[in-house]
Amino acid sequence: MVLKLDKIFDSFTKESLFKNKFVLQTNYTPETIPHREKQIEQIASILAPILRFERTSNLFIYGKSGTGKTLSIQYVKDELLKKVKKQKINVTIEYINCKLKKIADTEYRILAELIRKLGGMVPATGLPTERLYNKFVELLESKKQLFILILDEIDQAVKKINDDFLYNFTRLNSELNKSQISIIGISNDLNFLDLLDPRVRSSLGEEEIVFPPYNAEQLQDILRERADAAFKQGVIEQGVIEKCAALAAREHGDARRALDMLRIAGELAEREGKKKVTTEHIDKANEKMERDKVLDIIESGPKQFQLVLTAIIELDNKKQKIFTSDIYNTYQRLCKEAKIEILTQRRVGDIIAELDMLGLINAQVISKGRYGRMREIKLIIHPSIKERARNILYEAIALR
DNA sequence: AGGTATTCACATGAAACTATTCTCTGAGTTAGG
DNA sequence: TAACTCAGAGAATAGTTTCATGTGAATACCTGT
């Protein structure tokens, strides 16, 4: 035992491979954002009017995840705020991520969060939403100011809520006398604007900027720059950056993922007591990320999700083609065994759809003509994880 | 043979319900003046 | 009479049920050749 611990501790007391790991963490903001100069300039020129204390156009930003949207907007925001401070004008810019569960994923909570940021206090529940609007307006009107609201991942919010709340926000200006508000929406979904009410669309989409995915070369640039800052000299072996970039480029050029992968590869190498990060470490990191994601969902998911998933895994072992009805039957059986209440097929259908969203399964609606229409479901968990997943699930259900 | 019409087995959508947590309000109660 | 207590009304939220409508294409059913 002691020996083993010694070994572990040794690998840590030994020289770290990292110079500054923080640089690779997701919340790190680099001082330069390569290959986004154009977008940043565009954003800046659209927001520039606030320096003359004029309301800016509403702005809409699209781009897949990990294409630097949030980073760029934050960067411009910070720079702008510096200028604003010098000029002593009343400008407030608030950033809100609508995807944060329990914080800003409903109309009420977005408003509550805004109010909190403006220094007000509102309870987490109990009040009519209308009242929050009033309070928000009141806070805005307390002094003459320009307010810029950045709503990250609004597509998520609109999907969860309806799009009325965006309409309410865009209309807010007519209620404001002293102050003015502009909205910047950020969305991962490229077709998001089409889903909106025309009134909202025209108002919100006054200006639009698209963030294209990074290609492998650009990813390499980004990775190199960060790797230089994060790792010690000569730690990264030849080809590691390239491989990392290539893997991420396949996933619609997600830079965040690439950086995560690089960091995890570094951690793995360090844990193994190696002096260099090799391409094998990248492979392992890639695998580990996948496994962690899957196991996390499996472990922490609600028990009904676990049951449905168990049903799918069980079926997957003996059948190659799984349909909704199969799942539902097996699911019902499992429920009875575990003495858990059985949900309707309607609901189970939704759960299947959500598992699909999470990427644990692949569900496709197919039509078998006379024999109906259903989803064909494939489990896309790596076989090595499957066994473990199954054990976790059985345990979770048995515990209940 | 070629063209419609049916039909299956769910998918998908909307609304409503349930349970829980929380606020607000106003009636009733208490204690002090 | 002011302060306090406490029950009931009303909201937000998450997860679900109920009811209703939609849907793609394999088959059944015609139709005229």
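Computed from a predicted model, the values in this text were never measured in an experiment. First the proteins, then the strands, lettered A, B, ... as listed; each starts at 1. Below, all heavy atoms of this structure are taken into account, side chains as well, without hydrogens, waters or symmetry copies.
Listed nucleotides: C:dT17, C:dA11, C:dG24. Nearest to the side chain of A:S367: C:dG24. Here the side chain of A:T125 is nearest to one of B:dC22, B:dA11, C:dA14, namely B:dC22. Side-chain proximity of A:L127 to the nucleotides C:dA26, C:dG15, B:dT23 is greatest for B:dT23. Closest to the side chain of A:R370, out of C:dG15, C:dA26, B:dC10, is C:dA26. With C:dA14, B:dT23, C:dA11 as the choices, the nucleotide that has an atom nearest any side-chain atom of A:P128 turns out to be C:dA11. The side chain of A:T129 lies closest to C:dA12 when the candidates are C:dA14, C:dA12, C:dT17. Of the listed nucleotides (B:dT7, C:dA26, B:dT25), B:dT25 has the atom at the smallest distance from the side chain of A:R131.
When each of A:R375 and A:G369 is assigned the nucleotide of DNA chain B bearing its nearest heavy atom, the one mapping closer to the 5' terminus is A:G369. Along DNA chain C, the nucleotide nearest A:G126 and the nucleotide nearest A:K101 are compared for position; the residue whose nucleotide lies closer to the 5' end is A:G126.
Salt bridge A:K274/A:E270: absent, no basic N to carboxylate O contact under 4.0 Å. A salt bridge between A:K243 and A:D283 is present, with a side-chain N of the basic residue lying under 4.0 Å from a carboxylate O of the acidic one. The pair A:E290-A:K293 meets the salt-bridge criterion, since a charged nitrogen lies less than 4.0 angstrom from a carboxylate oxygen. A:E272 and A:K284 are joined by a salt bridge, as a carboxylate oxygen and a charged side-chain nitrogen come within less than 4.0 angstrom of each other.
When heavy atoms are screened at a 4.0 angstrom cut-off, A:L111 is found touching no nucleic acid atom at all.
What separates CD of A:Q345 from C1' of C:dA20 is a distance of 16 Å, to the nearest Å. Following rounding to the nearest Å, A:R346 (CZ) and C:dT21 (C1') show an atom-to-atom distance of 12 Å. We find that OH of A:Y371 is positioned 13 Å from C1' of B:dT6, with the value rounded to whole Å. Atom CZ in A:R109 sits roughly 12 Å away from atom P in C:dA12 (whole-Å rounding). One atom, CD of A:E354, and another, C1' of C:dT16, lie 12 Å apart when rounded to the nearest Å. Rounded to an integer number of Å, the gap from A:D350 CG to B:dA11 P is 10 Å. B:dA11 atom C1' lies 15 Å from atom CZ of A:F323, rounded to whole Å. Rounded to whole Å, atom C1' of B:dA9 lies 13 Å from atom CD1 of A:I352.
A perpendicular orientation is assigned to the rings of A:F147 and A:F136, their planes being inclined by more than 60° (bins at 30° and 60°).
Under 3.5 Å, the side chain of A:R373 and the base of C:dT23 form at least one donor-acceptor pair of N or O atoms.
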